[in-house]
Structures are given as C-alpha cells and as structure tokens.
Amino acid sequence: MPTRFDVITLFPDLFRILLDQGVTGRALARGLAELHLWNPRDFTHDVHRTVDDRPYGGGPGMVMKVEPLREAIQAARAAAPQSRVAYLSPQGRVLDQAAMLEIAACPGWILLAGRYEGVDERLIESHVDEEWSIGDYVLSGGELPAMVVMDAVIRLLPGALGHADSARQDSHMDGLLDCPHYTRPERIEEGSVPSVLIGGDHAAIKRWRLRQALGRTWQRRPDLLKRRGLSEAERTLLDEFILAHRE
Ligand SMILES: NC(=O)c1ccc(NCc2cccc(O)c2)nc1
C-alpha cells in the first residue's frame with residue numbers, strides 16, 4: 001500500500017525536485033509512494049483567480065484566503081479519504097526523527113504549504129488536523145518544509161533505500177548522532193583511517209561505531225543523550241570515549 005502525499009501549493013513545479021531523482025524519485029517511480037499536487041488557484045472563481053488578500057487589522061504582507069484552500073482540501077480529501085491534513089508553519093510542532101516515523105506509519109497526508117504571512121486562521125481551525133514545523137526559522141513558503149517531510153518519510157518506507165539496514169542506521173536513528181565515516185584511500189595528507197576499521201573484527205568495529213556515536217552525541221548534543229538514556233553497556237562505552245578524549 002503506497003504512502004500517498006497530496007500537496008496543496010501555489011508552486012507545484014517546485015516539487016519536481018522530489019520527482020526527478022534520488023531516493024524519492026525512485027520510490028515515487030516504483031509506486032512506494034504517490035505524490036499528487038493541488039493548486040488553490042485552480043479553485044478560485046473570480047476573473048483574477050484571487051488566492052490572497054490584505055490582513056484585517058492592517059500590517060505588512062498578505063494572508064491566504066479560506067475559500068480556495070477549503071475547496072482544494074475538500075478535493076484532496078475526496079481523492080484521499082484516509083489522509084489527514086497537516087499544515088507546515090513556524091507555529092507547528094517541531095518534527096524530529098521520531099515524528100517522521102509516526103508520519104510514515106500513516107496511509108497518507110494532505111500537506112498544506114502556505115505562502116505570504118500564512119493562511120486565515122479559520123481555515124486552520126476548521127480544516128487542518130495537525131500543524132508541523134521543520135525548525136524555528138521562517139521560510140518564504142511551506143513548500144521546502146513539505147519536501148523535507150516527504151524526503152525524511154519516504155526514506156523510511158520499506159524498500160525505499162537499497163540496503164534495508166541503511167534507513168535504520170541513519171544518524172538520528174536510535175536517538176544518537178552518527179559515527180564518523182571513511183572511504184578509500186586509507187592514507188592521504190588529511191590523515192589516516194582509524195585502524196579498527198581496516199581490520200576485519202566486526203564486533204570491534206560495531207563497538208567502535210557505537211562508542212563514537214555516543215561520544216559525539218555527548219560532546220555535541222547532550223540534550224539528545226539526556227532524553228535517550230543509556231544502557232549499562234552504552235554507559236561503559238561512553239566512559240571509554242570520555243577517558244580517551246579528556247583534554
Ligand atoms: N519552520 C517551518 O516549518 C516553516 C514553515 C513555513 C514557512 N513559511 C510559510 C509560512 C506559513 C505560515 C506562517 C508563516 O509565518 C510562514 N516557514 C517555515
């Protein structure tokens with residue numbers, strides 16, 4: 001059963017990025033996921049095809065009107081009755097990898113990508129199920145956030161990545177930052193590859209990678225470590241890292 005994405009956007013051409021190449025392009029081509037685009041301008045009925053207007057109360061910028069968005073959402077819901085509606089905005093819940101896993105578990109999503117200063121609040125209150133943010137910063141539109149969410153989610157779909165394991169081993173999986181990676185040649189002016197990775201001791205390599213992931217998380221994102229907690233074995237590996245890296 002493919003995961004279906006219906007995106008409501010004034011700029012459908014921007015989404016060619018997802019369709020044309022990479023993991024998302026292949027997944028969409030193989031039917032692991034579906035992408036349907038709906039332009040609110042196609043749901044206007046005035047000669048100027050008006051989708052936005054000035055804000056009540058004054059102030060800069062424009063606000064997206066309810067009616068074209070309502071009709072676009074209703075058309076998408078008719079085509080995707082199992083999907084929930086999510087609005088991308090800086091006022092939404094900030095998404096992390098755990099949230100992407102939750103999103104990937106649903107049959108489909110209708111993603112509302114706003115422009116301008118946002119949309120009329122009455123549309124959000126009446127037709128939007130969830131409000132999401134990809135981080136605490138303002139962009140010129142919700143399209144890039146929508147593509148970020150679709151990219152993160154599509155990678156998690158079974159079969160989307162060549163090697164089934166790579167999704168699971170993605171950094172920020174299991175709540176830790178990723179370990180360092182190296183490839184050929186072994187010796188270059190920038191330095192050499194850690195010897196444990198050259199040998200064939202897979203248990204030692206596994207331990208080294210987990211120790212590095214724990215250590216880097218401890219150094220760079222102690223907030224993630226606190227939230228995650230550590231097993232006894234992980235505590236030991238982290239202590240080894242700290243001992244080896246104390247100034
Ligand atoms: N952090 C995000 O996920 C994000 C999402 C959208 C966006 N821009 C469009 C927009 C939409 C709504 C209100 C608003 O003020 C701006 N910018 C950042």
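The structure presented is a predicted model; accordingly, all values stated were derived computationally and were not measured. Remember, it's 1-based here, ligands and their atoms both numbered in the order they're listed.
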(message) Between Arg77 and Asp129, does any NZ, NE, NH1 or NH2 come within less than 4.0 Å of an OD or OE carboxylate oxygen?
(response) yes

(request) State plainly whether the residues Arg84 and Glu102 are in salt-bridge range, i.e. N to O under 4.0 Å. (result) no

(message) Are more than 12 heavy atoms, taken from residues, nucleotides or ligands other than Gln82, located less than 6.0 Å from that residue's CD atom?
(response) no

(request) List, ordered by chain and residue number, the protein residues whose closest non-hydrogen atom lies under 4.0 Å from any atom of ligand 1. (result) Tyr87, Leu88, Ser89, Pro90, Gln91, Gly114, Glu117, Gly118, Ser133, Ile134, Gly135, Tyr137, Val138, Leu139, Gly141, Gly142, Pro145

(message) I'd like to know if Lys65 pairs up with Asp46 as an ion pair, taking the criterion as any Lys NZ or Arg NE/NH1/NH2 lying under 4.0 Å from an Asp or Glu carboxylate oxygen.
(response) no

N/O donor to acceptor pairs below 3.5 angstrom from side-chain atoms of residues 210-218, sequence neighbours left out:
unit_1 : atom_1 : unit_2 : atom_2 : d
Arg211 : NE     : Glu240 : OE1    : 2.8
Arg211 : NH2    : Glu240 : OE1    : 2.9
Arg216 : NE     : Asp178 : O      : 2.9
Thr217 : OG1    : Leu177 : N      : 2.9
Thr217 : OG1    : Ala213 : O      : 2.6

(request) Would you indicate whether the side-chain heavy atoms of Val85 and Tyr87 approach each other to under 4.5 Å? (result) no

